[in-house]
Amino acid sequence: MKKKKKNSGHHHPHHHYNCPAAARLHQISLILRCRRGGRYLFPVISAFSASILLFLAASALLSSPPPLIERRHLLQLPRRHSSSSSFSYSGAMEETEDAASGTLTAFSVPERGGNLGHDLWSSPSSEFFYGCSNASDKFQTAEKKTQPNRYLLIVTSGGLNQQRTGITDAVVAAYILNATLVVPTLDQASFWKDSRYVNCNVIPCSNFSEIFDVDWFISSLSKDVRIIKQLPTDGGKVITPQAMRVPRKCTPSCYETKVLPVLNKKHAVRLGKFDYRLSNRLDTDLQKLRCRVNYHSLKFTDPIVEMGEKLVHRMRRKSKHFIALHLRFESDMLAFSSCDYGGGDRERAELGSIRLRWKSLHQKNPDKERRLGRCPLTPEEVGLMLRSLGYGSDVHIYVASGEVYGGEETLAPLKSMFPNFHSKETLASQEELAAFAPFSSRMAALDFLVCDESDVFVTNNNGNMARILAGRRRYFGHKPTIRPNAKKLYKLFLGRRNSTWEEFSGKVRSSQTGFMGMPNEVKPGRGEFHENPSSCICETSTRNDNAASPDVGKKRYTDVGAGDYRSSATEDERERYYFSDSETAVPSGGLSQVTELDDEEFFSD
């Protein structure tokens, strides 16, 4: 037994060697010890082996280690400085190692944005562009075009911004079909129903007239499409519409082939889940009709507009300029994205259970989704992007968001970089918001108004609200609209610890070229029309100072619905006649969401 124990000594952990040469020398020494006279050579061999080991250890210490790849998402990076969960970011310095030279560099996020040589609050040359959506002389009026006994009804889908695209396209579809449009019905049955606090089956949710000024909607479009509030009766009975659906991106010929025969037979058709059901590419007059609806005829009700004006006024009292951030970082939105946000097993379990709500949602590779730029930026990443673009810690930010996943801990890095952090809940009292709070669509409308009036609009995603606001801000003067180039920013955020702040911020600014809402940033016809309404933007050689107005208190619309805008005047004169005042109280709310899994508009590039 003792002999076996002695022979097994070579398995002792202290006799393991990572270096092959050292292991070989040890074997030689053991052999020599067993041989006759080995006791004289062993000290020499041992000393030689020790020298080799010391040399190898010194070489390992002096050589540069391989660069570390930070695989965790930035959301995990905040450094806790106290047990009270306080977080300090601005001016904080992180020591990072330069992989090439092996020297330590400092990644320090400055408090000041710096002078980048241009105005951060306006777009260059924007004064030479203006919205132009008047119809041409060839565009037939509703009086000449509308056929009797043809009624089109639509039921919108999704959140308020997705519904807005459906309403806009419904007017154009009615024009294509020579039909009378019945005031659209807003979606109240989907997962994204109007209220998170009330049951729509018990307490009625918002209908069209509670969100939009229905009388203005009808009168302002009277030259284009006949619109009525409800179906007429036939022999004392209300006409029963035929329910059907049309495919995504349905072209005019698609409507004439699939819908028109049913319309002629049944006289009334109801199109369900009506979002993005009209082709992105239409002739110029139909695109301009889209713009008239979206930017001029969809006006919020007076109570919503008045509350929105109060919020903007209170932001202006705090600062001459402010940024509005549409931050989509709710748990359901993150679950739908299938992205990894660095929360480990707990996050995967929580978001995975939410993901089960969509029965046919396919499993996606989180790393691939992020590489492709399909994941929304975290609050920390938004802060780093804004600081890189030149916005300092003194800037005031209005945040339009739902309940952020992770709560205050998730928001801590952003708030540390931008401590002047506001929302409708901090700007208004509970009493002031009481009429809006039970209805997510009305709260979303308030957010939209403030975002639209902001000097700079920023989004962490490319969803419905981001796209509609991007198009609207282009139409009304190309106000700066920052959309993250997530595909390029992903690599920069991942490797930021291996660079200085100057290197990192310079690359961020370079990556964001073409994503800042400037004129001619997107080629005509590229992207979603609601995001890039190129057919409705005209250029002039002289300054057009009335292209947009920062004054939310101005009258948004002029009651010219009965006017004739098809005169012999120039396009610019016709535009000023028909819509003579800058209108900014139109768009829809802050919760842009989807109800169908084939809605590529939700997270696509």
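For the single chain, residues carry numbers from 1 onward in sequence order.
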Any side-chain heavy-atom pair from [X] and [Y] closer than 4.5 angstrom?
{"X": "Leu377", "Y": "Phe329", "result": "no"}
{"X": "Val259", "Y": "Val246", "result": "yes"}
{"X": "Leu286", "Y": "Ile176", "result": "yes"}
{"X": "Val312", "Y": "Arg316", "result": "yes"}
{"X": "Ile397", "Y": "Phe322", "result": "no"}

Do we see a donor-acceptor contact under 3.5 Å between the side chains of [X] and [Y]?
{"X": "Tyr405", "Y": "Asp332", "value": "no"}
{"X": "Ser423", "Y": "Glu425", "value": "yes"}
{"X": "Ser220", "Y": "Ser297", "value": "yes"}
{"X": "Arg292", "Y": "Ser133", "value": "no"}
{"X": "Asn161", "Y": "Arg467", "value": "no"}
{"X": "His326", "Y": "Tyr398", "value": "no"}
{"X": "Ser136", "Y": "Asp285", "value": "yes"}

If you measure from [atom1] on [X] to [atom2] on [Y], what distance do you get to the nearest 0.5 Å?
{"X": "Phe529", "Y": "Leu278", "atom1": "CZ", "atom2": "CG", "result": "10.5 Å"}
{"X": "Ile154", "Y": "Leu181", "atom1": "CD1", "atom2": "CG", "result": "7.0 Å"}
{"X": "Leu325", "Y": "Leu386", "atom1": "CG", "atom2": "CG", "result": "7.0 Å"}
{"X": "Leu449", "Y": "Ile304", "atom1": "CG", "atom2": "CD1", "result": "8.0 Å"}
{"X": "Asn178", "Y": "Thr146", "atom1": "CG", "atom2": "OG1", "result": "7.0 Å"}

| task | Could you walk me through whether Glu432 and Ser429 pass the side-chain contact (heavy atoms from CB on, under 4.5 Å) test, one step at a time? | result | CA-CA 5 Å; Glu432 288 177 306; Ser429 66; 3.2 Å; yes
| By ring pair (Phe, Tyr, Trp, His ring centres under 6.0 Å) - contacts of Tyr391 (at least two apart) |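 Counting only residues at least two positions away or on another chain, Tyr391 forms a ring pair (Phe, Tyr, Trp, His ring centres under 6.0 Å) with Trp121.
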| field | Check ion pair Arg442-Glu210 (N to O, under 4.0 angstrom) | value | yes
| Any ion pair linking Asp452 and Arg472 (charged N to carboxylate O, less than 4.0 Å)? | yes
Ignoring hydrogens and angles, tell me if any N or O in the side chain of [X] forms a donor-acceptor pair with the backbone of [Y] under 3.5 Å.
{"X": "Glu521", "Y": "Met518", "value": "yes"}
{"X": "Arg164", "Y": "Asn294", "value": "yes"}
{"X": "Arg245", "Y": "Lys273", "value": "no"}
{"X": "Glu403", "Y": "Glu330", "value": "no"}

| request: Take Phe457 and Arg483 through the side-chain contact (heavy atoms from CB on, under 4.5 Å) test and state the conclusion after the steps. | output: CA-CA 9 Å; Phe457 173 65; Arg483 298 171 300 117; over 6 Å; no
| message | According to ring pair (Phe, Tyr, Trp, His ring centres under 6.0 Å), does anything in residues 149-179 pair up with another residue at least two apart or in another chain? List the pairs. | response |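 Those involving residues 149-179 are Phe139-Tyr175.
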| message | If I compare all heavy atoms of Lys258 with all of Met244, which pair ends up nearest, and what's the gap? | response |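 Between these two residues, the closest heavy atoms are O-CE, 3.5 Å.
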| said: Taking salt bridge (charged side-chain N to carboxylate O under 4.0 Å, His left out) as the criterion, tell me which of Arg290, Lys249, Arg248 meets it with Asp169. | reply: Arg290
| message | Around atom CG of Asp283, are there more than 12 heavy atoms from other residues, nucleotides or ligands closer than 6.0 Å? | response | yes
| field | Cys132 and Cys536 SG atoms less than 2.5 angstrom apart | value |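 Answer is no, sulfur atoms not closer than 2.5 Å.
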| message | Quick check: Phe129 with His478 (ring centres under 6.0 Å apart)? | response | yes
| said: Tell me if the centroids of the rings in Tyr130 and Phe476 come within less than 6.0 Å of each other. | reply: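 For Tyr130 and Phe476, the ring centres are not under 6.0 Å apart.
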